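I have placed the structure first, in the form of structure tokens, so that the comments after it can refer back to it.
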Protein chains: 2
Amino acid sequence: MCAYVEMRGMTEKEKLIYAAKARVIKALAHPTRLWMVERLADGERCVCEFADDVDADFSTVSKHLALLRQAGIVEDEKRGKQVFYRLKVPCVIKFMSCVEAVIESQAKEQSALLK
Amino acid sequence: MCAYVEMRGMTEKEKLIYAAKARVIKALAHPTRLWMVERLADGERCVCEFADDVDADFSTVSKHLALLRQAGIVEDEKRGKQVFYRLKVPCVIKFMSCVEAVIESQAKEQSALLK
DNA sequence: TGCACACATGGCAAAATAACCCTATATATA
DNA sequence: TATATATAGGGTTATTTTGCCATGTGTGCA
């Protein structure tokens, strides 16, 4: 322990809150799920559309979408034989530009090293 | 496969991009790391401050911070015996309000079920 | 010079995740 | 009603992540 004044431990309530937040973010932390979320920014899509586009088993795609639904990021609606998914809280899309900023900052650093 | 017109598979380049994005988001997808990132919004902190606050081994805290650094989210600076961490791309903080919105949306739904 | 502190890192075991295959369910359609 | 289609969910295995311990490194101080 270091000799510091202002100590502020993580309370029990905070632990629960941050676990919940991490759970939402974790749902976005997968290439396929991230891609699907960004596609949903353009409007709803059914599972089979994703299954065609993504190079993965149908059941894998279905499970990814289920995970996003459980996290509260998307919602689904069954119409006929198909199930359509759409963004429930569209603000998640806005975050992507920041993620890109992180990557660009990294890239800039990397290229600076080569000089 | 369903009978749909507009099919747009994930290109190889997109796979790389989304893997990179997911890597950044994954760095945030942990309760302890998330908590540390939010604390850093108030200014830099040294590792030992976190170690005092977080209920985990010192080495665990150090590894979490290393992971955030490798993801390009924080940067560190050694001053004397201590290493100080600070946010490198502060926009990540703005995302938190959206994550909270997701959780509130979920909570609202849950309580609606009880009526 | 030697010691104590602040961190980082390698190794390891447990836990969580991911992706496949297979089966079950619901809905349109013949 | 039988059948094909669209999707969900269980089971299993491989991979990744997590967190602790032990150890190594650098820095200030006695």
Side-chain angles (χ1 to χ4, degrees), chain A residues 1-5 7 10 15 18-20 22-37 40 44-71 73-86, chain B residues 1-5 7 10 15 18-20 22-37 40 44-71 73-86:
Chain A
M1 47 184 163
C2 57
Y4 263 87
V5 242
M7 300 214 182
M10 218 172 159
K15 281 185 186 173
Y18 282 87
R23 191 165 156 275
V24 172
I25 297 178
K26 203 178 291 185
L28 295 169
H30 187 286
T32 302
R33 290 197 294 269
L34 203 53
W35 186 81
M36 295 195 294
V37 165
L40 289 179
E44 66 174 16
R45 286 192 153 216
C46 75
V47 186
C48 57
E49 285 181 272
F50 285 126
D52 285 334
D53 288 352
V54 174
D55 183 28
D57 198 78
F58 197 101
S59 67
T60 301
V61 172
S62 178
K63 277 181 184 170
H64 278 312
L65 287 166
L67 203 152
L68 285 169
R69 176 164 32 83
Q70 285 153 22
I73 296 169
V74 303
E75 58 188 0
D76 62 335
E77 185 190 346
K78 185 163 191 174
R79 291 205 301 272
K81 275 193 294 185
Q82 299 172 1
V83 176
F84 290 86
Y85 280 83
R86 58 175 163 264
Chain B
M1 45 184 163
C2 56
Y4 262 89
V5 241
M7 299 212 182
M10 219 169 158
K15 280 184 187 173
Y18 282 87
R23 191 164 157 278
V24 173
I25 297 178
K26 200 180 292 184
L28 295 169
H30 187 285
T32 302
R33 291 196 293 269
L34 202 54
W35 187 81
M36 295 196 294
V37 165
L40 289 179
E44 66 173 18
R45 284 191 154 218
C46 75
V47 186
C48 58
E49 284 181 272
F50 286 127
D52 286 335
D53 288 351
V54 174
D55 183 28
D57 197 78
F58 198 101
S59 67
T60 301
V61 172
S62 178
K63 276 183 184 172
H64 279 312
L65 286 166
L67 202 152
L68 286 170
R69 174 163 32 83
Q70 285 153 23
I73 295 168
V74 303
E75 58 188 359
D76 62 333
E77 184 190 346
K78 186 163 189 173
R79 291 205 298 273
K81 275 193 295 186
Q82 298 173 2
V83 176
F84 289 86
Y85 280 83
R86 57 173 164 265

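In what follows, every chain begins at residue 1, and chains take the letters A, B, ... in the order their sequences are listed. Since we're looking at a predicted model, the values are computed, not measured.
Using a 4.0 Å heavy-atom criterion, one finds that A:Phe50 contacts no nucleic acid atom at all. Across all strands shown, A:Lys63 has heavy atoms under 4.0 Å from base atoms, whether or not it also approaches the sugar-phosphate. The residue B:Arg79 sits apart from the nucleic acid: no heavy atom pair falls under 4.0 Å.
At D:dA6, none of the side-chain N or O atoms of A:Tyr85 fall inside 4.0 Å of OP1 or OP2 (strictly under the cut-off). At least one side-chain nitrogen or oxygen of B:Thr60 sits closer than 4.0 Å to the OP1 or OP2 atom of D:dC20. Phosphate contact (OP1/OP2 of C:dA16, side-chain N/O of A:Lys26, threshold under 4.0 Å): absent.
Looking at A:Arg45, its side chain never comes within 3.5 Å of a backbone N or O of A:Leu40 through a donor-acceptor pair. In this structure a side-chain-to-backbone donor-acceptor pair under 3.5 Å is missing from B:Arg33 to B:Leu28.
What separates CG of A:Asp57 from P of C:dA19 is a distance of 10 Å, to the nearest Å. A:His30 places its NE2 atom 11 Å from the C1' atom of D:dT15, with the value rounded to the nearest Å. Taking atom CG of B:Leu68 as the reference point, atom C1' of D:dT18 lies 14 Å away to the nearest angstrom. Between B:Gln70 atom CD and D:dT18 atom C1' there is a gap of 15 Å when expressed in whole angstrom units. Rounded to an integer number of Å, the gap from A:His64 NE2 to C:dC20 P is 9 Å. Computed from coordinates, the B:Asp55 CG to D:dG19 P distance equals 11 Å when rounded to whole Å. Rounding to whole angstrom units, CZ of residue B:Arg69 and C1' of C:dA8 are separated by 9 Å. A:Phe84 has its CZ atom 8 Å from the P atom of D:dT7, to the nearest Å.
Of all non-hydrogen atoms in B:Cys46 and B:Gln82, the two that sit nearest each other are SG-OE1, 3.9 Å.
Positionally, the nearest nucleotide of DNA chain D for A:Lys81 lies more toward the 5' end than for the other of A:Lys81 and A:Val61. In this structure, A:Gly80 and A:Ala56 both approach DNA chain C, and ranking their closest nucleotides by distance from the 5' end singles out A:Ala56.
For B:Ser59 against C:dC7, no side-chain N or O and base N or O form a donor-acceptor pair under 3.5 Å. In the interface, the side chain of B:Lys78 is not paired with the base of D:dG28 through any donor and acceptor atom under 3.5 Å apart.
Under the 4.5 Å side-chain criterion, counting only non-hydrogen atoms from C-beta, A:Asp76 is not in contact with A:Leu65.
With C:dA18, C:dA6, D:dA8 as the candidates, the nucleotide lying closest to the side chain of B:Gln82 is C:dA6. The B:Leu67 side chain lies nearest to D:dT18 when the options are D:dT18, C:dA6, D:dA8.
With rounding to the nearest 0.5 angstrom, the CD atom of B:Glu44 is 12.5 Å from the OH atom of B:Tyr85.
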